[in-house]
Amino acid sequence: MQEPVNKFYVTTPIYYVTARPHLGSLYSTVLADVAARWNQQLGKKTYLLTGTDEHGQKIAQAAAAANKPPKEFVDGFIDSFKETWRSYEIEYNHFIRTTDKAHIAAVQAWIKQLEAQGDIYKSSYTGFYCTPCETFVTEKDYLNLEQGKVPACPTCGRPTNFVEESCYFFKLASYADRLLKFYAENPHFITPPERMAEVLSFVQSGLKDLAISRTTITWGIPFPGDEQHVCYVWADALNNYISAIGYADPARAAEFNFWWPADLQVLGKDIIRFHAIYWPAFLMAAGLALPKKLLVHGWIKIGDQKMSKSLGNVVDPQELLATYGADAVRYYLVRHLAVTQDAPFTQEDLTTRINADLVHDLSNLVHRCMALAKAQSMAAVGEQQWTAQEDALQQKCQAMLQAFNRDMDACFYHRAYAGVWQFVHDLNAYFHAQEPWKVVKTDRAHFERVIAATVHGLYAVAQLVWPVMPQSMEKLLAMLGKTRQTGVNYYEQLLTDTWQQSFALTPQEPLFLKIVLPEPAKAEKEGTMENATALTPAITIDDFIKVELLAGTITNVEVVPKSDKLYALTVDLGPQGIRTICSGVRKHFTPEALLHKQGVFVANLAPRPMMGLVSHGMMLFGEDANGALQMVTVGAPVPNGTRLK
Ligand code: MSP
């Protein structure tokens, strides 16, 4: 059968439901939504699948801890997922739950097929298991383990548990050669491509058959033909990508054949092994085509640690809504977190970026252009005679469009939108250099040309930015007298746009308003000790223990160029990681006097922007009788990261 080309099927991972979604969960989901919406801009029919992963030991344990039956426990979180996705404009086509009847039937059909063709056999598993990651930890993950020790999970680093149980195994090892052949023939299967190395090395070092059932837990899909077993949660969960669109349901064959294979599957780097090795092998066994591309993104971090519920450092996306609005948060996640890397999150950075990019660069330009046109009774844009300046601007727009399409296709969304913002800068530069507010006094045609060129540029920006900020860009399009239609290839249209479009201009209130966070205390802002001697009220021990004082060693000292006081210190806090901590002590210490010294740091100060950097803590000093600063130290060296009390 000829594969339909004008469709785009994209999936998010399905989320464990042990809590409400956090900013990390939103990140995977927004990336998938942006991919779907960009493909709508290419005129395609799209399908976005998301949902929840509800079986397995991790959920069963969390439910037991909450004193609830597992189904009742997971039911309690579903609305919070749906509500978060709704408020963040995630336009999913289906929300799958692995407790759905249709999913259960599809997984059981898959197992029966594999069993019938000899891909599954019964044996027993003796080894280690990581419950938070729901992973059987294989021997090659703990090659040099000392006798009697329990290995750490290779993904999350937490201790594993020893398990011994009867299991059904999937003959994963027999798929190794086919997998390697597939990777060789599809070098773009994983993006970013450098993540392929980890997958290749895992497969090349030899695959073991995979346990796909469990007998020591009961919260799972019953294994067909052997009710003592439930399906291993990853074998259950991965199949959601096909069960949702009708796999193994004869009544839905046309739907399944239309959408499968997935065009893009979005996932975090922690679950690459499951998606790039086990999942393709499962599909090969089922005789199905493999997904076209996996987008493997990095982690959002708080300081140096992954944002995760178990570390208790999660940011609730719902709490950001009131201050920032959904569009601005979406923009920040897509544009300022490089999809290829881990990235720290702070509200200060979020605020700075929104104010710079959305308020200063985009919203102000739209507002000035529209207000000026209105003041001069210019309600529409019609045909123009362009000059060299507008031709140059249009060429920049064309170059940006082509680079944008390439980057979006490679899923380098952060780079694609950096290119769009470069064009927004070009538009600003053009608009301000032309000084339309002055030329209107002497040359009406010139004035109208500047407004018209700016409006054409803004129109291109609105269409390209719509996938990330749908609501605001629909507002911008409305100001330009345009509405979006489905099934139109806007990218193609922009490529052939000769900038002779008509626009009806309707100014509205600004797209974005400046966000002001409460001012930090002045002394803290510059990292100085001034005013630190004022008497402060007594505190209780409970107040004191809120301050995390850690010993740490300075491993690098750099001068902060924009400041005459600040050093950027790289500080090794042992298990708490390596941090950048700014300190305003330049006139008291040379870099050499600080380097390799162990000092005392307040480690749980909220990250704070300082002169273009973000400081993740504060170093302590005391002032001696001569007014010179002395480092606060521990009497003798202690391990880095030691908490002082
Ligand atoms: N249930 C499995 C996925 C099964 S897919 C068949 C799972 N769930 S999860 O809830 O733990 O994670 C879901 C997704 O959220 C993963 O892609 C994970 O990488 C992502 N994130 C969770 N925390 C994250 C950050 N702090 N930053 C970015 N993404 C993060 O794994």
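Order of appearance sets the numbers: ligands from 1, and atoms from 1 within every ligand.
Proximity to Met307 (heavy-atom distance under 4.0 Å) selects the following atoms of ligand 1: 23 (N), 25 (C), 26 (N). Heavy-atom contacts of Lys306 reach the following atoms of ligand 1: 23 (N), 24 (C), 26 (N) (cutoff under 4.0 Å). Using a 4.0 Å cut-off to heavy atoms of Leu267, the atoms of ligand 1 that qualify are 17 (O). Against a heavy-atom cut-off of under 4.0 Å, Asp53 is close to the following atoms of ligand 1: 1 (N), 2 (C), 4 (C). For ligand 1, the atoms sitting less than 4.0 Å from at least one non-hydrogen atom of Asp270 are 18 (C), 19 (O), numbered in the order shown with element in parentheses.
Counting heavy atoms only, His297 comes closest to atom 29 (N) of ligand 1 of the residues Glu54, His297, His275. Of the candidates Ala343, Gly56, Ala237, Gly24, Gly24 brings a heavy atom nearest to atom 21 (N) of ligand 1.
For Ile271, no nitrogen or oxygen atom sits less than 3.5 Å from a nitrogen or oxygen atom of ligand 1, counting backbone and side chain alike. On a distance-only criterion, Trp299 and ligand 1 share no N/O pair closer than 3.5 Å. For a threshold of 3.5 Å applied to N or O pairs, the pair formed by Ile300 and ligand 1 contains at least one separation below that value.
The structure places CG of Asp53 at 12.0 Å from CZ of Arg97, a figure rounded to the nearest 0.5 Å. With rounding to the nearest 0.5 Å, the separation of CG in Leu333 from OH in Tyr413 is 13.5 Å.
Only the side chain of Trp234 comes within contact range of ligand 1, with a heavy atom under 4.0 Å; no backbone atom does.
Here the heavy atom of the protein found nearest to atom 12 (O) of ligand 1 is Tyr15 CD2, 4.3 Å. Protein heavy atom nearest atom 6 (C) of ligand 1, with residue, atom name and distance: Tyr241 OH, 3.5 Å. Looking from atom 3 (C) of ligand 1 to the surrounding protein, the closest heavy atom is Ile14 O, 3.2 Å. Of all protein heavy atoms, the one closest to atom 17 (O) of ligand 1 is Gly268 N, 2.8 Å. The protein atom (non-hydrogen) at minimum distance from atom 9 (S) of ligand 1 is Tyr16 CD1, 3.7 Å.
Salt bridge annotation for Asp316-Arg20: present, with a cationic side-chain nitrogen under 4.0 angstrom from a carboxylate oxygen. Note on Arg252 versus Glu255: salt bridge recorded, some NZ/NE/NH1/NH2 to OD/OE distance being below 4.0 Å. Contact check on Asp209 versus Lys171 returns no salt bridge, with no Lys/Arg side-chain nitrogen under 4.0 Å from an Asp/Glu carboxylate oxygen.
A 4.5 Å side-chain heavy-atom check between Val150 and Phe162 finds every atom pair outside the cut-off.
For Phe77 and Phe73, the gap between ring centers is short of 6.0 Å.
Note that Lys301 lies outside the cation-pi zone of Phe345, set by a 6.0 Å cut-off to the ring centre and a 45° limit from the axis.
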Walk me through whether Tyr15 and His22 qualify under ring pair (Phe, Tyr, Trp, His ring centres under 6.0 Å). CA-CA 10 Å; Tyr15 300 95; His22 59 73; 8.6 Å; no
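More than 12 heavy atoms of other shown residues, nucleotides or ligands fall within 6.0 angstrom of atom NZ in Lys306.
At least one heavy atom of Ser28 sits under 4.0 Å from some atom of ligand 1. Distances shorter than 4.0 angstrom occur between a heavy atom of Gly298 and an atom of ligand 1. Residue-ligand proximity: Glu134 is placed with every non-hydrogen atom at 4.0 Å or more from ligand 1. Contact annotation: His22 has at least one heavy atom less than 4.0 Å from an atom of ligand 1.
When the side-chain hydrogen bond (donor to acceptor under 3.5 Å, both in side chains) test is applied to Lys58, no partner is found at least two apart in sequence or on another chain.
Sequence neighbours left out, the pairs with a member in residues 280-306 that pass ring-ring contact (aromatic ring centres under 6.0 Å, His included) are Tyr27-His297, Trp110-Phe282, Phe170-Phe282.
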